[in-house]
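Let me begin by presenting the structure, written as structure tokens, before commenting on it.
For ligands, and for the atoms within them, numbers begin at 1 and follow the listed sequence.
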Amino acid sequence: MDLAARLTFVQKRIHAACARADRDPSAVTLLAVSKGQPPEAITALAGLGQVLFGENRVQEAKTKIGQCPSRLRWHMIGHLQTNKAREAVRLFEMIESVDSLRLAEEINLCADKAAKTLPVLLEVNVAGEASKFGYQPETLLAELASVNALPKLEVHGLMTMAPWTPTPEKIRPVFRQLRELKSQCEDLLGAPLPHLSMGMTGDFEVAIEEGATIVRLGSALFGERHPAGKVADE
Ligand SMILES: *Cc1c(COP(=O)(O)O)cnc(C)c1O
């Protein structure tokens, strides 16, 4: 399959998952994960109509974004160190991977200096995997009010990376827990949170059935990544 065929196939699968869950396909946004992909591949996908892209490293994003069409929109989806917050605020329209109050405070400070307000998602390590970043659900609930009180940061919802599995049906409970956690957060804040960013190449259909509003797909669109997942010029 070439890029266009993969994009069409992904869109078909998104529509089918929405139909099964009785959801409107316009409520699910496809984010193309372009980590490890050269600007040419990103530009090619953009030429097919894809607008939203995600990167997981600030350094890589910094070198690539300027080489891609300027109308593209970028989300930060990888772990962010506080010393990279300033650059991240400059490059991205949303940071999906806020996982501590300290990081949120730093982003708030940088956004203030840049005279911006930054939409963020709070990343949750639902399955409690040692290898993954993200809030433990209890910590998230404890810190939510403080994060939400930061004036230059807007909490738009939650994000998770589910454990890898060859049988996506098995991790349906992870997606369900994230959805339930979002409604707990909404109760605490007394306001709706629009986004649940969950679902990757191996599990996005189940994630959509469980309420995902953003699915983050890399290999389903671009093909398998090279082992190191890095770009040559990094
Ligand atoms: C790499 C990555 C993805 C996409 O992974 P694929 O399995 O290639 O679709 C999604 N989310 C995050 C945070 C990632 O790092």
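- Residues passing the side chain to side chain contact (heavy atoms under 4.5 Å, CB included) test with Leu3 are Arg6, Ala44, Leu45, Leu48, Phe222, sequence neighbours excluded.
- Residues Glu55 and Ser34 bring a donor and an acceptor atom of their side chains to less than 3.5 Å of each other.
- Figure legend: cation-pi geometry between Arg13 and Phe9, with NZ or CZ positioned under 6.0 Å from the six-membered ring centre and within 45° of its axis.
- Cluster partners of Leu31 are Val33, Leu52, Ile77, Met94, Leu121, Met159, Ile214, counting Ile, Leu, Val, Met, Phe, Trp and Tyr whose side-chain heavy atoms approach within less than 4.5 Å, directly or via other members.
- For Lys182, the side chain to side chain contact (heavy atoms under 4.5 Å, CB included) partners two or more places apart in sequence, or in a different chain, are Leu158, Glu186, Leu193, Leu196.
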Nitrogen or oxygen contacts under 3.5 Å, ligand 1 side and protein side:
| from | atom 1 | to | atom 2 | distance (Å) |
| --- | --- | --- | --- | --- |
| ligand 1 | 8 (O) | Ser219 | N | 2.8 |
| ligand 1 | 8 (O) | Ser219 | OG | 2.8 |
| ligand 1 | 8 (O) | Arg225 | NH1 | 2.8 |
| ligand 1 | 8 (O) | Arg225 | NH2 | 3.3 |
| ligand 1 | 9 (O) | Thr201 | N | 3.0 |
| ligand 1 | 9 (O) | Thr201 | OG1 | 2.5 |
| ligand 1 | 9 (O) | Gly218 | N | 2.8 |
| ligand 1 | 11 (N) | Arg216 | NE | 2.9 |
| ligand 1 | 11 (N) | Arg216 | NH2 | 3.4 |
| ligand 1 | 15 (O) | Lys35 | NZ | 2.7 |

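- Under a hydrophobic clustering in which Ile, Leu, Val, Met, Phe, Trp and Tyr are joined whenever their side-chain heavy atoms come within less than 4.5 Å, directly or via other members, Met200 and Phe53 fall into different clusters.
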